[in-house]
Amino acid sequence: AVARIQDIPHEVEKAGQLKKTKIAEGGRKLRKNWAMSWVVLAGNSLIFYKEPKVQGPGSWRPSGSKPESSVDLRGAVLDWARDMSSRKNVIHLRMVTGNEFLLQSDSDAVIQDWYQILQNVIEKLDRE
Ligand code: I3P
């Protein structure tokens with residue numbers, strides 16, 4: 001059998017800096033608190049760090065610090081947060097747990113890349 005990328009622990013598909021805020025916890029609305037986050041997509045998980053990790057071409061190595069949090073993308077709903085922020089380029093992610101996040105970049109290219117890869121991962125998980 002061929003190992004799928006989501007079966008390999010810590011296989012990093014994408015990593016980078018995004019502005020992040022949690023806007024709901026278990027369906028309960030939270031006050032926004034935008035902060036820069038180092039975001040790592042690995043398998044089914046989106047992992048948030050406060051500090052950037054060491055990144056090389058196509059690779060990523062943990063520098064020892066623990067993640068701030070992580071979410072399971074299985075069953076997540078992705079869309080553009082058109083009316084949820086005054087900022088441009090904002091992704092809205094709703095997890096099955098009822099936790100919701102906004103992710104933002106000033107770069108159109110950066111946010112389009114993230115949107116596409118998150119959409120691909122979520123669709124792939126939906127088909128399993
Ligand atoms: C919020 C803060 C956020 C803003 C939010 C404000 O005020 O300015 O940056 O979200 O707008 O309520 P405070 O610091 O007093 O909590 P955006 O930057 O995403 O627009 P909102 O209430 O319309 O969500």
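Nothing here was measured: the structure is a model prediction, and the numbers come from that model. Just follow the structure's listing: the first ligand is 1, and inside any ligand the first atom is 1. One is the number of the first residue; the rest follow in order along the sequence.
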- Message: Under 4.0 Å between a side-chain nitrogen and a carboxylate oxygen: does that hold for Glu68 and Lys20?
- Response: yes
- Query: Which residues satisfy the side chain to side chain contact (heavy atoms under 4.5 Å, CB included) test with Ser105, sequence neighbours excluded?
  - Reply: Leu18, Ser107, Val110, Ile111
- Set of residues that line ligand 1, where lining means a heavy atom lies under 4.0 Å from it: Arg31, Lys32, Trp34, Ser85, Ser86, Arg87
- Message: Applying ring pair (Phe, Tyr, Trp, His ring centres under 6.0 Å) as the test, list every pair that has at least one member in residues 85-105; sequence neighbours left out.
- Response: Phe48-Phe101
- N-O pairing of Lys29 and Glu100 below 4.0 Å: no
- Task: Could you tell me which residues satisfy ring pair (Phe, Tyr, Trp, His ring centres under 6.0 Å) with Trp80, sequence neighbours excluded, listed by chain and number?
- Result: Tyr115
- Apply side chain to side chain contact (heavy atoms under 4.5 Å, CB included) to Leu93 and Ile122, showing your working. CA-CA 11 Å; Leu93 258 183; Ile122 291 167; 4.0 Å; yes
